[in-house]
Amino acid sequence: MPELPEVETVRRQLDERLRGKRVSSITLLKSGREFPVGEKFVDGVQGRVIEAVERRAKLLVWKLNDGNAITAHLKMTGRFVFVYPSYVPTKHDRMIFDIEGVSLVWSDVRQFGFMKIVSSDELETILAGYGPEPLETSVAELADRLIAPKTRMIKAALLNQEVIAGIGNIYADEALHRAGIRPTRRLGRVSSEERLRLAKEIKSVLGESVAQQGTSANDYVDTRGKKGGFLSFLRVYGREGEGCVNCRTPIKKIVLGQRGTHYCPTCQA
DNA sequence: ATATGCACCTGTGTGC
DNA sequence: TGCACACAGGTGCATA
């Protein structure tokens, strides 16, 4: 469940240790399902210098010194972990990078994640498809993204990366609870005050989670193999049946668009 | 244009 | 103990 705060945590750690370094070699492990990598990826990355590791939405972007970039998406269970050079690969490891003596493993239990090389033109197209970055955009501008289509449920809008980038299932539920808006509410029935409140809460919850290095509800760990610290600050996600922090009403869980959705039936109208 | 539902995967937890 | 199955959820795609 890496969402913006988790991906940002990984980005910072990767950038800190990889920026300016040359990729010495890549070991392809090819365990499990074939993924769009292979020899071409190795040829396109080996010998290049990583100029920076950036993030847009939930996508990691490694800028290379030949003008190309690597895009990496963790999806649900992808992870980058720094290891010792003597590391022995385990079942779900896909690749090991040797970057000037630093060893980095890319592994992915469910194999939904990817790493691929893109040209600068391709990268531009990919990034243009995302909505605004919530931590770098004003409350007013974010609120304006949540207007149409009128019949769309507000949680569906929050999960759509073209509307606002980086929000996933956990932070959608959390922001809606903080703003007092039920996830099933249609955009057309949300007042401008509520939109502003929600936009503000999106920024707050994401910012607070980044400060705690993300949430580890299930699989997520950072590049040191450490869990994020935000789990205990969640107010509704994963708290079905527990009393709401505001009113003690038991938190309800429903399925909305095939996702578990948590809310307080009293606080969220 | 928008909504719906499935597919992609494996590990874990639950009920029988 | 074994077994079947629901569930976890980001995203792309086929279908309605």
Side-chain angles (χ1 to χ4, degrees), chain A residues 1-11 29-37 55-61 71-80 89-95 106-116 118 122 125-131 133-134 145-176 183-189 202 206 209 214-221 227-228 230-231 234 236-241 251-263:
Chain A
M1 41 210 58
E3 305 179 29
L4 186 153
E6 293 76 32
V7 180
E8 176 61 18
T9 300
V10 171
R11 182 203 71 76
L29 300 169
K30 293 192 174 178
S31 58
R33 180 172 70 117
E34 198 53 53
F35 59 123
V37 172
R55 178 192 60 76
R56 181 79 170 90
K58 300 166 193 166
L59 194 68
L60 288 163
V61 180
T71 55
H73 203 302
L74 306 174
K75 293 291 181 82
M76 259 76 73
T77 56
R79 57 172 68 166
F80 288 108
T90 58
K91 191 174 174 186
H92 300 294
D93 295 345
R94 320 302 305 277
M95 270 191 282
W106 161 248
S107 69
D108 187 2
V109 169
R110 291 175 67 180
Q111 305 174 47
F112 292 165
F114 62 79
M115 292 190 80
K116 49 184 154 188
V118 296
E122 290 167 330
T125 304
I126 292 165
L127 300 189
Y130 289 120
E133 281 294 320
R145 305 286 299 170
L146 299 168
I147 293 174
K150 284 189 163 79
T151 57
R152 180 176 288 175
M153 284 188 283
I154 190 148
K155 180 169 178 186
L158 293 182
L159 293 177
N160 186 330
Q161 302 301 297
E162 297 171 29
V163 176
I164 295 173
I167 303 170
N169 204 40
I170 295 175
Y171 300 105
D173 284 4
E174 292 298 313
L176 286 165
T184 49
R185 191 105 68 84
R186 308 283 164 172
L187 289 180
R189 307 289 297 270
I202 288 167
L206 293 176
S209 184
T215 301
S216 295
N218 291 317
D219 301 289
Y220 169 74
V221 292
K227 292 172 181 251
F230 198 66
L231 182 64
L234 299 181
V236 287
Y237 182 87
R239 299 198 181 281
E240 180 185 16
I251 298 302
K252 200 171 168 185
K253 184 178 180 186
I254 60 172
V255 176
L256 196 159
Q258 290 104 245
R259 286 122 196 259
T261 296
H262 315 71
Y263 69 95

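Being a predicted model, the structure only gives us computed values, none of them experimental. Here is the naming used below: chain letters follow the sequence lines, and residue numbers restart at 1 for every chain.
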Please report, rounded to the nearest Å, how far the P atom of C/dT11 is from the CD atom of A/Gln111. 18 Å

note: A/Leu74, atom CG; C/dT11, atom C1'; distance rounded to Å ~ 13 Å

A/Phe112 ring over B/dC8 six-membered base ring, under 5.5 Å and 30°: yes

Is the shortest side-chain N/O distance from A/Lys253 to OP1 or OP2 of C/dA8 below 4.0 Å? yes

Please tell me if the side chains of A/Glu240 and A/Lys252 come closer than 4.5 Å, counting only heavy atoms from C-beta onward. no

Assess whether one donor atom and one acceptor atom, taken from the side chain of A/Arg110 and the base of C/dA8, lie less than 3.5 Å apart. yes

If you define the side chain from C-beta out and look only at heavy atoms, does anything of A/Arg110 sit under 4.5 Å from A/Asp219? no

Between C/dC7, C/dG10, B/dG11, which nucleotide gets closest to the side-chain atoms of A/Lys58? C/dG10

Taking only side-chain N and O atoms of A/His92, does any of them lie within less than 4.0 angstrom of OP1 or OP2 on B/dT10? no

CD/A/Glu122: more than 12 non-hydrogen atoms of other groups inside 6.0 Å: yes

Would you say A/Thr151 places a side-chain N or O within less than 4.0 Å of OP1 or OP2 belonging to B/dT2? no

Regarding the side chain of A/Leu159, the nearest nucleotide among B/dC6, B/dA3, C/dG10 is C/dG10

CD1 of A/Ile254 versus C1' of C/dC7: gap in Å, rounded? 16 Å

So which nucleotide from B/dT10, C/dT11, B/dA3 ends up closest to the side chain of A/Arg152? B/dA3

Tell me what A/Thr77 touches on the nucleic acid: a base, only sugar-phosphate, or nothing, going by heavy atoms under 4.0 Å. nothing

Per atom distances to the A/Gln161 side chain, the nearest of C/dT11, B/dG5, B/dG11 is C/dT11

What is the distance, to the nearest angstrom, from the CG atom on A/Leu234 to the P atom on C/dA8? 15 Å

Of the candidates B/dG11, C/dG10, B/dT2, the side chain of A/Glu3 sits closest to C/dG10

My understanding is that a pair needs two contacts under 3.5 Å, Watson-Crick or G-U wobble. By that rule, which nucleotide pairs with C/dC7? B/dG11

Of A/Gln258 and A/Ala148, the one whose closest DNA chain B nucleotide lies more 5': A/Ala148

Heavy-atom nearest nucleotide on DNA chain B for A/Arg186 versus A/Lys75: which residue maps closer to 5'? A/Arg186

Going by distance alone, is a donor N or O of one side chain under 3.5 Å from an acceptor N or O of the other, for A/Thr215 and A/Tyr171? yes

So, do A/Asp173 and A/Thr261 sit near enough that their side-chain heavy atoms are less than 4.5 Å apart? yes

Which of these nucleotides, B/dT10, B/dG11, C/dG10, is closest to any side-chain atom of A/Lys91? B/dG11

Counting only side-chain N and O atoms of A/Lys150, is one of them less than 4.0 Å from OP1 or OP2 of B/dT2? no

Write down the distance between CZ (A/Arg259) and C1' (C/dA6), rounded to a whole number of angstrom. 17 Å

